[in-house]
Structures are given as C-alpha cells and as structure tokens.
Amino acid sequence: MTPRPSSSGPDPEETAAKKAAAKETTTTGKKATAKKAAAKKTVAKKAVAKKAVAKKAAAEKTVGKKSVAEKSVAEKASGSRAPGRKASGRKASGKKAVPAAVRPVETPASPALDAADRGRLLAGTHHDPHTVLGAHPVPGGVAFRVFRPYALAVSVLTGELRTELRDDGDGFFSGLLPLGEVPAYRLLVTYEETVQEAEDPYRFLPTLGDLDLHLIGEGRHEQLWQALGAHPTVHEGVAGTRFTVWAPNARGVRVAGGFNFWDGAGHPMRSLGATGVWELFLPGIGAGELYKFEITRPDGSRTFRADPLARRTEVPPATSSVVHASDYTWGDEEWLARRAEAPAHEAPMSVYEVHLPSWRPGLTYRELAEQLPAYVGDLGFTHVELMPVAEHPFGGSWGYQVTGFYAPTARLGDPDDFKYLVDRLHRAGIGVLMDWVPAHFPRDDWALAEFDGRPLYEHSDPLRAAHPDWGTLEFDFGRREVRNFLVANAVYWCEEFHIDGLRVDAVASMLYLDYSRESGQWTPNEHGGRENLDAVAFLQEMNATVYRRVPGVVTVAEESTAWDGVTRATHHKGPSGFGGLGFGLKWNMGWMHDSLQYMSHEPVHRKYHHGEMTFSMVYAYSENYVLPISHDEVVHGKRSLVSKMPGDWWQQRANLRAYLGFMWAHPGKQLLFMGQEFAQGAEWSEAHGPDWWLLDPEYGAAADHRGVRDLVRDLNAAYRDTPALWRRDTHPEGFAWVVGDAAEDNVLAFLRLDADGIPLLAVSNFAPVVRHDYRLGVPDDVPAWHEALNTDAARYGGGGVTNPDPVKPEALGWHGRPASIRLTLPPLATVWLRPA
C-alpha cells in the first residue's frame, strides 16, 4: 500500500478534529446571528401591527409571517409598496375583490429541509441533493436552500437585491422569497474571516446527456474519458468543472479537494439513475485544482478515492487527482497522414525499448524530447516502445502496477508535456509504441480496489480477483462497464496522445483461468475449459475498436503460450473454435528463450543445441512476430545481453555482434532494450539507468562499446534499405534455408526474399574459428554477391576478417541449389550478402 501524504487528501482523524473546531466556532457565530434575527423579528412585528387593518388580514395570512427584508423584496418585485399585493406579482384586473372568506388560501411551504433529507445530506448518503438544495418553486414563492458547512451567514443575490437566509443549523440555510419563478441568482457566503460571492452548484441541470448515459449503461462509450472524470467547461453560461464518476454501489458521493479544504460535505453529487454515474458541476473550479471523491460505502463508512478517469495526477507519492484542460497544439499531421500507408507486419519495424524515468535520470518529458528523438533517429530505429507511462504509485514496478489509467505519470511533467515528447518523436520520423497494462491493478485503498465499497473493477469471486503472482487484482472482464473502461482507455492513448501502437502486457495471464493457480484454486468456464472467455471477448473488442477508430496503429501482444490465433482477425475462427484475438503483432517469446539459451553455451557445446536456433522457423508463420530482447531479459540476475555470452571480453562482444546480425536478418520485427545497443555489462536498474559513461572517450574501453553501437546503427540502416528483410515477414515465400543443419560447424545460412524475388543471404558462424572457402548453395540468377554487412569488421571492434571483393557463383550445385559460392566466414560473426 502507498502511504497517503497530507497533500493527497484528508486524514480522517484530522478532518474530525477540524469539524469539531469549526462546529464550535460556528455555534458561537450562530448565537450572535440568532440575537440579530430576534431583534429583527421584533421590529417586523411592530411594523406589521402599525400597518395592519381588517381588510389586509387575509392577505397577511396568505403571504405569511415574513421578515421585513422579505416584504421589501416582494414589494420591489411587484413594482408597488402596497402591503396587500399578492406574492405572485399579478397585476390588478380592476374586478371586484373576492371576499377573503370565500377566496382559496394558499399556505406557504416551509423552506427548511425536512429531517430525512437533512440527515442524508449530513451523512453523505443523499442520492439527489439537487432536488432539495438550490432554488425551487413552492406554494408561496421560491424556496432557497443552501448547505454550506462552517458558514456564518448566507444571502441570496438577485439583481441588486440581497436577502439573508435563515440559519437552520449544521450549515443549512433557507428562505422563502415571494417570487413567481426562480430568478437568476448568486450566493453571498460569510465565513469567519471572509465573504465569498459564488454561484450555487445546485441550480444547474445535469451536464451529461441521455446519449452519454445510454452508452455508459450499455458499456459502449468509446470516448468514455469525455463523459467521466473532471472536465473544465462552461455550463449554462458559467465556467466551472464537471465532476462525474461511476460508483453504482455507493450510498452517496461527494467531491472533496483543495477548494473545500478536503471536506466534501458541502458538495454532494447526484446519482443519474441506473447507470451508477454520479455528477456535479462546480462553478468557479478550473484546471490545476486537486480533488478526490468521498464515497459513502454500503456499510456507511467513507473512503476517499482518486478519480479512475483522472487525466492528470499529483506527483507520487501524493495521490490526488488534478483537474486538467489541454491546450496543446500538435504538429505531426504529416506523420499521421502516412502512418497507415502499410500495415505494420509489411513495413520495417525495429524498436528501441525505453524506460523514460531512467533513460536519462532526472529529465522531464520536454527535456527528453530534446534528446531521445535525436539519439533514436541517429541509431536508425523506426520506433520507440515506452515502458508504461500511465500513473503508478511505486516506481519499482516500472509502471506495470497502474492506478491512473488515463494519466501520464506526473513524475516527468503534465499531460501536455508528454504530448510534446510524442510530437517531437513523430516529427523526427519515429513511431511511438506504449506498454499498456489491462490485466491487473494494485490494491491501494485510494485507487480502484473495492472502489465504492464492493468489488467493482475486480471480479467479485476472490479466486478470480486475486492475481497469484503479483499481489494485485485482476479486472472483471465480464462486466460491461469494466470492459468499457479498458477499451476506451486503449482508444484514449491512441486518439488523445497520438500513440502509434499498444504493446499489451501479460496477455497469457488474462487468457487462462488456471494461470499460476493450482487445482482447486480456479473454476472451469461454462464449457469445462480453462480459457477465460470474458478476457477473450474483451481483447477481441479492444482490438476491433482500436483498429476501427485509429487507422495506422498496431497492437502487440506479450503472449508467452501457444494460444491459437493471437494475430488472426477476430471474425476468423481457428481450429480451437475461437475467433482470432485480433492483434497486429505478437512477441516471439519462444525465439527469444531458445536463441538466448543457444548463445549462452560455449561454442564447443553449441552443436548439441543447434535446433534451438532453427526451431523458430517451424512456427514462424503461425503469427505475426516481434523478436524481443526486452527489459525482462536483462534484470533480476539474468545479466545483460553481452554478459550472457561466453568467453573473454573480445569473444563476448563478438558473440553479441553475431547474435544481433542473426536477429536482424531473422523473420520478424526487432526490439532491443536500452543499454544493450552499446553492450552495457551490468544489468539494468531503474535507479540509475544505462551506463552512459561506457561511451565516454576518456574511458579506456569506450571504443569497444561504441563499436557495438555503430553496428546497431548500420544494421538498422541496411534493414530499412532492404525490403527482403521486412516486406514478407509473414509469408513463407520470403524465407528459404540454405543450410540449417550444419550443427558440427555451428553455421546457419538462409535467404530472405522481397516481393520481386530479390534476395539477401545471411550467414552466421557461431564458432570461434575462421572458415575459409566455405561453400554455400545459391540461386543461379545472381551474377555476383557483395558483402553488405559483416559483424567482424574492425570498425565494430572485430578482427577484420571480411570478403572485400564481389563473390561470383560457380556452376556447382550445392545444398540443393544449382550454383554455389565460396566465402571466408569470420569467427563468431554474421555476414550479409546482396546481389552486386
């Protein structure tokens, strides 16, 4: 649990103490007010006695006993000082007056609240305060009722008139004005040390329309963030902020914030019917205000909760939500116009994975925007993938335990600052993917867990709700409002922040009911299976909605099992009977584990593990794949990428370079975590980020690290310029083995082919020896081959064993092909050759 600092909302004990002190102060003030009221009442009685005549007695009964101030208002409103004029303000018709004995008498209504409404408002359990607070036509005029705890006096201002309301105690004030209709009015509220003129929040109609409420009720509001949350707006000509929250189990909801000293008693919200949505428009509240929702739970207890739809938050460890209004102007129109020209699986994609808070520790979003695009652009990556940027209380979770699903983390700036970073990346020609975590959420008692006193966002079954690995709660994907919350959240990041793709975390944990659970800890689905049918439906809906609404985006699944059809269209059923999940790409976790396992072996033992490098091609076309070397592979004792390699320092770097050359040539998109591009030797730590000092020219081994980085730059450049490496990633016709069974030699060779059949030949020698005149079969329609890239080049820190001259094929069949070439294969290296 994250402790709540004083700035993040009220402490229950402190609030109780403040209320007690305020009550004592208020009581003193009320006594003084009562004395004044008694004096006024005496004067009023004397004035009435002097003016009273028999003919006016009936009229006086009709009007009722009013204060002198109320009579003055009635006389001015009617345009006459005649004390017998009716409160309705009707003009005299000239007809003979009906005797009082036969005229119907309208008894004025009492303006004060009844005991039941008063009690519910004090307890925070009133579901519709607007029906009793504010101004309401009643028999005898218009009743004004105001609930302002700690106020000494409240007056109603109508035009140039001011009428003080009666103090009913406990912060309630009321009065009956003899008006024919509700006027435009404001309140003048007197506190111990100040007087405030303000609009009455309870005079406004609801700010949400029937369509919004209908879509929310159906779980189909695809822009939910525009309906719920806190939105500065102008409503009925008045500037303020609309607060809305979904809390169907709450007995009452109030808004608390810095503007009311974290006491929400005076700002109860109204329930908008069966949707479970509560709403309140607060005039005068604007962007930058801190707030939370004070929820009265079914058992009568109260809890202060951050807004699930908050678009901005305080900087952790503070936990309040912040009213936000964006004024950012985008400049990436050109990028957005062309990003949908080709689907992601048929376009070049090499991804640099970044943890923003630690890439350059201490930099803000705007400072990162000055450095990150230049660095990534120089290395030639097509995209960055940002580890989760949604708000999270614990930095050590790296963002994977989210509490603010609609708010970029405030650690690095505000939402517009984050937009600026995305914008600058786009202008540099770099796409932006973002890790998205819809599988689970933490249990912090100010966030989503039992939000309104009962399981709401989490499943009601404790066995389904508790995530066994991470101590978190799983979303209830079967509840339409929860699905709506998540689907709209995916759309939100793409539409509001121009994110180009979502990498969905922990998909496997969502798909299986028995994920990390033992027998007896899970219940089969309606068909007796282990599949989570609700999660399947949610993922299908999310993908279909995002692809429909935001052209050019891509969704990527981190899915570690062999689930059938992760990247198949949702309307196409597979052998399992399920429609596809609808993702655009999937992380190839099998390739990652197998290839790293192979590379970790000493070369002398690799021949026994040769299949670990070839097995991926057995299933390479079952999905659209990304080859990920992510943050997960370089933390928690797994060592950095270069440190996984065997041998001395030279051999480790050579192995790493050979592996990267193999990876960039293998079918699939590439992803490399920050720091691995320059062979960082230490594991990654979110506390200090990459070891940039390794690249300092003053460091003796800097050239070794710069050499690896130069290779990554050249790999990206050659990759983007070679359609054979990406155009047909998902088509078997784009790949052909030359030799895949040379286990004794530790050699792998294959062809990549573009749509026109133009090839690239990739050859990897994972043995620490030079192989001279190594013969490989090749097509006979290429007159000569030249070396396009060699990871053993001296500029990369290698031994400089290369093939400098064009290599011409011989009319000697080899490896089942009509021609062959002889190459010099450098040790622990990958060589790319293209037609000369």
Side-chain angles (χ1 to χ4, degrees), residues 206 208-229 244-250 253 271-279 293 295 298 305 307-310 402 405-406 436-441 447-465 467 473-495 502 504 507 509-511 513 523 525-527 531-550 555 570-571 578-583:
L208 281 186
D210 291 340
L211 179 59
D212 282 318
L213 294 174
H214 173 76
L215 293 174
I216 292 171
E218 292 289 316
R220 297 289 181 182
H221 204 306
E222 294 176 358
Q223 291 182 306
L224 186 67
W225 69 93
Q226 294 186 2
L228 299 183
T244 44
V245 64
W246 178 60
N249 298 309
V253 184
S271 174
L272 298 180
T275 59
V277 174
W278 299 75
E279 179 265 357
F293 294 114
I295 297 174
R305 297 292 173 137
D307 183 359
L309 273 291
V402 179
F405 281 81
Y406 284 79
W436 186 54
V437 192
H440 62 123
F441 58 92
L448 296 183
E450 292 192 353
F451 182 75
D452 58 3
R454 292 177 181 165
L456 187 66
Y457 289 91
E458 68 270 42
H459 203 283
S460 58
D461 180 352
L463 292 179
R464 291 280 296 273
H467 197 290
L473 296 169
E474 297 184 9
F475 281 102
D476 182 0
F477 302 111
R479 183 160 189 166
R480 61 180 181 272
E481 297 95 339
V482 175
R483 285 202 310 273
N484 193 173
F485 173 80
L486 293 171
V487 171
N489 187 240
V491 175
Y492 170 75
W493 289 105
C494 296
E495 290 190 351
L502 300 172
V504 183
V507 171
S509 73
M510 301 164 65
L511 290 175
L513 295 169
T523 303
N525 63 33
E526 61 192 63
H527 305 297
E531 299 85 3
N532 187 336
L533 304 181
D534 293 334
V536 172
F538 156 67
L539 291 170
Q540 290 174 328
E541 180 182 351
M542 181 276 298
N543 281 312
T545 304
V546 168
Y547 277 105
R548 171 172 51 82
R549 289 189 63 97
V550 195
T555 58
T570 57
H571 59 284
F578 290 105
L581 296 183
F583 285 94

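What you are looking at is a predicted structure, and each value in this text was computed from that prediction instead of being measured.
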Checklist line | Check against side chain to side chain contact (heavy atoms under 4.5 Å, CB included), Met510 and Leu539 | finding: CA-CA 9 Å; Met510 301 164 65; Leu539 291 170; 3.8 Å; yes
Next item on the list: Could you go through the side chain to side chain contact (heavy atoms under 4.5 Å, CB included) check for Val402 and Trp436 one step at a time?
Entry: CA-CA 9 Å; Val402 179; Trp436 186 54; over 6 Å; no
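Pairs passing the salt bridge (charged side-chain N to carboxylate O under 4.0 Å, His left out) check and including a residue from residues 538-548, sequence neighbours excluded, read Arg220-Glu541, Glu222-Arg548, Arg483-Glu541. Within the structure, the side-chain hydrogen bond (donor to acceptor under 3.5 Å, both in side chains) test picks out the following pairs touching residues 449-463 (sequence neighbours left out): Asn249-Asp452.
Between Asp307 and Phe293, some side-chain heavy-atom pair lies under the 4.5 Å cut-off. A heavy-atom distance below 4.5 Å is found between the side chains of Ser509 and His467. With a 4.5 Å cut-off on side-chain heavy atoms, Asp476 and Pro455 do not count as touching. Annotation: side chain of Pro308 is in contact with side chain of Phe451 (closest heavy-atom distance under 4.5 Å).
Contact between Thr555 and Tyr547 at its shortest, heavy atoms only, is N-OH, 3.0 Å. Nearest heavy-atom pair across Asn525 and Leu513 is N-CD1, 3.6 Å. In terms of heavy atoms, Ala250 sits closest to Ile295 at CB-CG2, 3.7 Å. Looking at every heavy atom in both residues, Gly219 comes nearest to Asn484 through C-OD1, 3.2 Å. The minimum heavy-atom distance between Ala490 and Val546, with the atom names listed, is CB-CG2, 3.8 Å. The minimum heavy-atom distance linking Leu224 with Ala488 is given by the pair CB-CB, 3.6 Å.
Checked against side-chain hydrogen bond (donor to acceptor under 3.5 Å, both in side chains), Arg464 has no partners two or more places apart in sequence or in another chain. Taking the side-chain hydrogen bond (donor to acceptor under 3.5 Å, both in side chains) definition, one finds that Glu279 meets it with Thr207, Arg270, sequence neighbours left out. In this structure Gln223 satisfies the side-chain hydrogen bond (donor to acceptor under 3.5 Å, both in side chains) test together with Glu495, sequence neighbours excluded. For His221, the side-chain hydrogen bond (donor to acceptor under 3.5 Å, both in side chains) test picks out Asp212, with sequence neighbours left out.
A side-chain donor-acceptor contact under 3.5 Å links Thr244 to the backbone of Gly229.
When each of Phe477, Tyr406, Trp225 is checked for a ring pair (Phe, Tyr, Trp, His ring centres under 6.0 Å) with Phe485, only Tyr406 meets the rule.
Here the OG1 atom belonging to Thr545 is positioned 12.0 Å from the CG atom belonging to Leu486, to the nearest 0.5 angstrom.
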